[in-house]
Every structure is written in structure tokens, then in C-alpha cells.
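Since this is a predicted model, take the numbers as computed values, not measurements.
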There are 4 protein chains.
Amino acid sequence: MTTAFDGWILAAQGPSRLGTIDVVTRFLFERGCYVTEHHSFDDRLERRFFIRVEFCDLPVEAQEEFRAALAERLAPFSMEFELVPPGHKPKVVIMVSKADHCLNDLLYRQRTGALNMDIRAVVSNHPDLEPLVRAHGIDWHHFPLSADHPERKPVQERRVIEVIEGSGAELTILARYMQVLSAELCQRLDGRAINIHHSLLPGFKGARPYHQAYAKGVKLVGATAHYINDDLDEGPIIAQGVEAVDHAHYPEELVSKGRDIECLTLARAVKQHLERRVFLSGRRTVVF
Amino acid sequence: MTTAFDGWILAAQGPSRLGTIDVVTRFLFERGCYVTEHHSFDDRLERRFFIRVEFCDLPVEAQEEFRAALAERLAPFSMEFELVPPGHKPKVVIMVSKADHCLNDLLYRQRTGALNMDIRAVVSNHPDLEPLVRAHGIDWHHFPLSADHPERKPVQERRVIEVIEGSGAELTILARYMQVLSAELCQRLDGRAINIHHSLLPGFKGARPYHQAYAKGVKLVGATAHYINDDLDEGPIIAQGVEAVDHAHYPEELVSKGRDIECLTLARAVKQHLERRVFLSGRRTVVF
Amino acid sequence: MTTAFDGWILAAQGPSRLGTIDVVTRFLFERGCYVTEHHSFDDRLERRFFIRVEFCDLPVEAQEEFRAALAERLAPFSMEFELVPPGHKPKVVIMVSKADHCLNDLLYRQRTGALNMDIRAVVSNHPDLEPLVRAHGIDWHHFPLSADHPERKPVQERRVIEVIEGSGAELTILARYMQVLSAELCQRLDGRAINIHHSLLPGFKGARPYHQAYAKGVKLVGATAHYINDDLDEGPIIAQGVEAVDHAHYPEELVSKGRDIECLTLARAVKQHLERRVFLSGRRTVVF
Amino acid sequence: MTTAFDGWILAAQGPSRLGTIDVVTRFLFERGCYVTEHHSFDDRLERRFFIRVEFCDLPVEAQEEFRAALAERLAPFSMEFELVPPGHKPKVVIMVSKADHCLNDLLYRQRTGALNMDIRAVVSNHPDLEPLVRAHGIDWHHFPLSADHPERKPVQERRVIEVIEGSGAELTILARYMQVLSAELCQRLDGRAINIHHSLLPGFKGARPYHQAYAKGVKLVGATAHYINDDLDEGPIIAQGVEAVDHAHYPEELVSKGRDIECLTLARAVKQHLERRVFLSGRRTVVF
């Protein structure tokens, strides 16, 4: 239903230096590429520069030559870049446990085109969501994991990695996957996996955040979508959402009320990631 | 400009028991008092019951007899109550340091009647805001305090208490008072002093929360108005507010941007307190 | 998953008169019913009084006698009331056209218990959503209607009414049903049908509100859930939601972005209605 | 207190054509100007292109030569531009009637540097706010206007224009000026005057919008800051703000509650205008 942006996206970054914008815009101009949106930002504390450009008028068959020539131009500026052709649909793997609200929401948004992605597989440590996944014609993998057998975690995670790498996924989404990932898996997914935590981080890290929120008597609950890194619930934040609550919301009602904001916040972060709007800048993100 | 509610307010609470509402509504009915708004809530985890009623048709001269008779009726239910006559304007003392935005906002809202209170005095550990306070014809007290002389704190706080108690203040507002109160002062002000902290508690307790927020890379900043108790930034929360920020907000811009939400959140909490909408329930608040 | 409130709900209203609260609270007290939440409000402009009470400790088998006795007590006050027993699951009919986002959202919330209702049938003037409805095991009715044959509308609406009345539905939800109802159908559904309009009414009534919003250059789009009455898009408002947009949102992106707020706003209004929190007061609603 | 952005701002626009970005970024690069933020957008429906750049490393004394050379470069692209040097403080005139909340807020934001502007004069058709204005050491002009003497309006407006033009104001702010401007004055101020209307336009145009909002029973009230043009309340929208209300807010409470959102919305629009973030694109605005 929704038509995704139908042009090219170029996203690049590098150390702050004179000429970083000019080298990009000049290159595009020389090739006759018309820029429809351009955003750049210099992080003066990190001394790092970020640029994102949407453009058109580049034939798809010219892609490889364009990419090579651009790489050569950007090399003197130590800039890295990503180039995404029109209509590109990134492959994605989703990890879940028992709760289905975020998964259900992501499946719906894929179906309607609100999220321009190709869900290749869903992995879970519980069997519950198999019917929902299979009904959408998507590969399902049940890799059990229990607190009683921590020694099995390395094997379980190796199977997860096989699915992710075997599917060619550019992005892994932890849609309420209720397990702590090992440091090794975190590193492999660094910058390529988004988690939704059901609190406004850094408040209420760890388990049962809505119960913590109730005990504290907060008047706002929220959700945080962030990249995975090696410190639990401490990865760079992409998006946060919030909702007002009051004294009449017992913990179970906070859990229920929080579902909407979790879905919306995760979907927003995934959309921004898919559209190459998110850049890592130290422990923070730049989101255009 | 704003007309405050022109009726009586009755706020009461007690242990959960059958008949707690009936005893109140029956008493009001017998006296011919017409109820225009009624809110009650039973906190089933704390086993405590709260009720707030707005009513009219009670002559002011009948107040004392009414109060005594009501106390007698509520005694068997172990209920405490407050009765506020029409047009009552609570006396207030404000404590500040150097930042003037919350003070300025409170002064404006007093002037326009948006906050129905009578600011009797402003106390500060810095001299800066004297002209603003005097221009409003309000008593000003400068009680210096410095980190170099912690031994002077008890004396300074004794003078603060003298102002609060001498003024007959029902409420003390810490409008960005940048000092940690002693346990003794906290206890004296328990449930009668509101502080504004410039973060979404429990995130970013303590000093320089906007700088902490920047370092963490959050996408939302906020403010928390809470009652003072003996644990710094841990008193029962009355109101919280939030505002979206992005990567382009350096710490100083977060400080600037946060001012609006601090003012609004503090004003909201003060208004709710003045209208007797806030009840303490364990470490949480019930706000009608 | 979500546990609905497990007590009785009593909702009543009548002309403003002394004793309207007392008669209710006294009756409940005499029966030994413990009140867990009570909200009443006197609309001083409409001269009308509203009360909603949640209570427990009434055996289900006592319901009929309780209801009759209460009716007798309230009669002198000209008060109408509704009494809802614990676990009551109202029957609902949903009307749709082609867009599936609101329907999909309502189905999900029914399934998880977030909305405590029993969807008996879905009616549509288009065939598109039949598979989605049948996959949930819900009755599907396709009653075509086209602009070319306005003379068929009375027949089509008669069939709609048959489904609604045949199913025993307490509530009809127009989840993006893109047809103007006849005055006759509106009257039959008066106060018992909720529509979602995809704008912040009264702005952008009528067709293609997002395109109107784009042309006007607004910075906020929204949605309005309201009861049906005989004037298109003019029924009493129950809930409104809003989302920020900017210049980069072309009309098709407003349509896409608006879906979330439509779903959330409709779900909120339906939940409030199902919990008997909504009262009609003239052309406005009182929502507790 | 707040430090304004301490660099140059370049804002330009023109018809959509290949090379519009390159000509700007190349020029800046050749001069050794480092770009810290860049935003451009092509409005594909209006066929118009907008660019805003923040940069540094241009000596202030080079300004005139820089400006002339840039004009020559941009001429072939039919692009207009504005160049704002570091520390530039635009001159502003404010128009008010009796309500002081927006004026008070703007004065405070000027004083703290949150709004980087120089208020040269305040003009009013009522005498009430003279003390507030004079207390800030700002020129005050009382030009009475009454409904009884519409024939005096041309003379009154001529005096207003004299103040605006005599003060060298770049911007006129109508901070709740409760008079309809003549078409002639509107044209003179086209794109250079911001009005705050106390509703979410296009809902509730004209007089007493909060009373209209009450009658309609809306659940959200709002405010709209827009440029003046010749159609009342129809100028291009810059910013909108919104706040939730309920049945207990009578019209006078909506008026009171609306004040905060009026202040915030107007201040946001003025800030965006002062920072050259706002562009006119047909009847809409582009806001970077």
C-alpha cells in the first residue's frame, strides 16, 4: 500500500574535515544525479561528520562503476559509505520469545509496505509463535533455551548465527526476545541488531521493568529501541516513546498499556534503520 | 484572570473498609451539600482508600461545626481528612538558587491566578534573584551556603525553617534549589515540599542530569516533580513531563530546552497539590 | 493475556439534584458491596449528573433482584443506569471497506484481551477483507454498495441492520467504513456506534482529509473517534489522537503515518465505551 | 544564558534544477568555509528547492565580498538567498492587546537568550500592558482602536507601520493581537509577521475558539503559529501545539489551559524563523 521512497540513498561518515560535503555533492553533480533530500551534521564533540543524501537519475546498471568511483573519491577523506539502490528490500531475521505483539506488528507493517523489508526467518527459544509465523509463510526456527542448562547456550547461539548468516540478513530485530545474548553474539551483531527494551532507558534496566516502574510510582512509562552492544540494555539508543499512566495502573495494566508504545517505538527505529537514517557516533546515534 | 474552583474541597483517606464512601456521601447529603465532583480509589495493593469531593451549599460560618461533626463520623473508619473552604489561598515559600525560570513561571502563574497560592517568601543560597523577587513585593531571604563550609549547613537550614514556619506556609516549593537538604529538614518538610528534578526519574539522579542524558544519547529528556523525602531524588512522584530531542542538541541545548518542561511539570504538580488532588500511598502518589 | 477488571460496573446519569450520589452509595453500602473506584461529575452547563462505580461483593445470582431494587430507588431521581456483571463480554459488529489496519488492530486486541469484546460479525461493502475475517473464525457479510446505484442503499442498509440486530450486538464499530450512512441507520445506531474519522475534527471533515491536511500545510495530523449521529462527522467526540508531521510528508505519507494514530484512537474509544466510561451529555461526552 | 549558534547561516531557495546544491557547497568549499549542518529538500509538487547551511571560518569583514560573489554564482539558478552573520540579533516589533501571557513569555526568552532577538517596540490597541513593557526598558506605543470607529483603522495602522519600519524590524510578532489587520497591512507584512491563533487551524477559525472547542466537545485543544497573509487565519502554518482536555474543562478553563500551549507554540515558531529554518513553499512552509 505505502510506496517506499523510489530513489537512491547514500549514507556516509568520516572524521571532520573541510571538503567532506563538497566531495559528495560534486560527485553527484558530475554524474547528473538530482538530489531530492540532503542532511549532514558535524558532531563537534566526537569530531565526526555524517551525511545522508537521497537522489535520482542514476541508471541501476551504472551502480558498480558509480560505487567504485565514489569509493576512490572518498578514500582521501577516510569516509565510509553505503549506497542503496531504488527498491532495495533488506533481508531481516526476527528473534522472539513468547510475547507476540511486536512480531505481529512487524509482520503487518511488512505486509502493507510500511516497513520495506523482507523477513527471511523468525527464531525463538519458545514454541508458542510458530503458527503465527508459518501463517505468513516465513521460516520458523525453534531453538530452546532454559535457565536450567546454561551450558547449552553456546550451541543455541551458534544455531541462531547460522540462521542469520545463512539468510543473508542485513538486520536482526529482537522483538521482545527475553534472553541475554552472550558477548560473542553481541559482537557479531554489533550495529546490525535492534532490541526493544520496555522502559525509558537508562531507567529500569534488566528484568520486569513495568513492575519496577509501578514500585517507583512513575507517571510515564516508555520503551527504548537501541542497537545491541556488549553491555545489556546499554547500546546506542535509536528511538524512545512514552505514555502517561496513573495510580490506577497496576503492574499488569502497565504491561498491557506498554505494548502499544513498544510496537510503535520498535517500528520507528526499524524504519529509520532501513532508510539508512541512523549513524553510530560513539555511544550515541545520529538520526536524520 | 482565571477563576479558581469556587466550592469546598474534602480530601480524605484511610484503610480499605466497607462504608468509607458511604460515610462521606451520607454526611454531605444530610447537610444539604451538593457534590459537583467526586473521585475515589481503592489501592488494593496498599489496602488503602482515597476520596476527594468538591461540593457547595455549605455556609462558611458553619465550617467549624461541620469539621467537628465530620471528624466524629470518620473516626471509626480511621480516616484522616482535609477540608478546604472556597477561596482558600494556601501560603507558600519558594526556595531557589541561581536559575530563575521556574521561579519566574510560578510568580507569573500566581499573578494571573492560574496557581491559587500566596507566595509569602523566597529563600535562596545565592543573591542573584533578589531583584526579581522584590519587584513582585515578596519577602526575600538570602541564606548563603557554600561547599567550603559544610559545617554551616545546620545553621543555614535552621534559618530556612524559621522562614517556612514563621510564614505559616502550607507548602514549600524547591524551584531548582541546587542543594541537598539534610535528613532533618527533609523530615520536617515530609509531604509538604515539592521539588523539581530535571530528569525523568529514576533515570539520571544527582548532578548535571542533562549532561548525563547527552552522554547516554537519549531521545527524550524530561522533568520530575516529587515530594521531598529523606532519600535524594527518591520521593513520591507527582508529575512527569517529557520532550523529544535529537543528536543536534548538545548538553547546553538540553539545558535550555529542558527549562520549558521543568516549568510546566512543576506548575502542574503544584496546581494538583494546591487543589488537594494528590495523596501519598506508600512510596507512590494517587493523583485525582 | 490481559485480565479485564473483575468486578461490577454501575454507570448512571440524571438531572442535577441533591442526593443523586447518596442514593447510589447508600444502596451499595446496604448490600455490602465494596466500591473500588468511584467517579462522578456534575455538568453545570447541561444541569446533568453522571456517576460510574466499580464494586465487588455482589453474588451474580443476586443480579436481577439487585437491578430491580436499584431501579426503584433511582426512579425518584429520574436516573437511568446500566449494570455490568463481572466478565461480561459485549457483542460487537464491525463495519469496514477496503482498508484493514483498524480491523486488524481490533482483531488483535480482542484476541489478547486488551479489548474485552466478542466480535460476532464483520460487514463490508467490498470483498477484500473476507480472508482476514474468516481466518479469525468470524462471520463475514459482503453487502456491495456502489455510487452508481444509490437506489440500492436502503436495501443494503436493511441487511446491515439485520446483521447487527440478529447478532445481539451492543456496539457497532465503523473501522474505516467509507460510506455515508442514511439518517435512518444513524438514528437506529444512535449512541451505539463508534466511527473513526481520519482527521482532528472539526478540521477536515468529509473526503480525503489527509489530502486536505497536506494542502493546508498543517504540522499535526490526527484522528477522531466519535459516536454516530445524524450529521456526518459531527457526532459526540470520545477520543482524539495526534501526531507531528512535516513538509517531507506528501499526502500518501500522511495516509500511511495516520494509520497508527487511527488504530490507537479507535481502540482507546472502544475500550472506554466497553468499560462504560463514556456518557453522552448533549452534543459532548463525559469520559471517566 | 543560552548560547546561540555561533556560526553563519545561509538559507536559499529556487526552482528545482540540477546543480542547486553543488553551486552552494562548492562555493563554500572554495572559500574554506566548514559546514557544520546542512539540510536541503526538493518539494516535488511545487517544483521548488530549499537549502539551509550552517558554516564557520568566514571572517566577518569578508561578508560583503562573499555576498556579492555568491549572488553572482546563484543568479543562473534563479536562487534567492539570505546570509546571516554570527551573533546577528534580528530587530523585532511585538503587537498585543490585553492578554499578557505570550508577551511575558517572549520577554523572558529574550532576556535569557533562548530567543536571540532584539525587541525594539511593543504596539497595542489597549493601554493595559504598558507597565510590563516599560519595566523591560522597551518602547511602548498605544494606538487605540475600537469597533465603534472603524474609519480610524487606516490611521491606526499607518502608525503601526511607522513603528515597524522606523524600528528596522525584520519580524513582527502578533502575540495575541485581537484585531483583524487590513489587507494592506497584511501585504506589507507578508512573510515577515507571525501570528498565534488559539486553535488547531483550520478548526475553530475566528473569534472565541476555546468556546467553539467547548461546544464541539473536543478532547484536544491547540494553538497554531502562522505567517500573516491576506486571508484571516489562513496564512502558512509554521508550528502547531496541542494539549489533552476533558469534560471537566469549562470554556474558561480551556482559555486558561491554552495559555501554555500558545506560549510554547509561538516561541517555537519565532525561534525557527529567527534561525532561518522556515521557508515559504506555496501556501505551506518547509521547516528544517
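- The number of heavy-atom neighbours closer than 6.0 Å to CZ of B:R73, taken from other residues, nucleotides and ligands shown, is above 12.
- The 12-atom threshold is not exceeded at CZ of B:R283, counting heavy atoms of other residues, nucleotides or ligands nearer than 6.0 Å.
- Remark: B:Q212 pairs with B:F204 by the side-chain contact (heavy atoms from CB on, under 4.5 Å) rule, at least two apart or across chains.
- Remark: C:D43 engages C:F41, C:L45, C:E46, C:F50, C:S281, C:R284, D:Y214, D:Y250 in a side-chain contact (heavy atoms from CB on, under 4.5 Å) (not counting sequence neighbours).
- With rounding to the nearest 0.5 angstrom, the OH atom of B:Y34 is 12.0 Å from the CZ atom of C:R44.
- Annotation: side-chain contact (heavy atoms from CB on, under 4.5 Å) contacts of B:V242 (sequence neighbours excluded): A:L220, A:V242, B:L200, B:L220.
- Within a 6.0 Å radius of CZ in B:R208, other residues, nucleotides and ligands contribute 12 heavy atoms or fewer.
- Rounding to the nearest 0.5 Å gives a distance of 13.0 Å between CZ of B:R52 and NE2 of C:H38.
- Along residues 12-29 of chain C, the residues that come nearer than 4.5 angstrom to chain B, judged on non-hydrogen atoms, are C:S16, C:R17, C:L18, C:G19, C:I21, C:D22, C:T25, C:R26, C:F29 in order of number.
- The distance from atom CG of B:D42 to atom CD of C:E54, rounded to the nearest 0.5 Å, is 11.0 Å.
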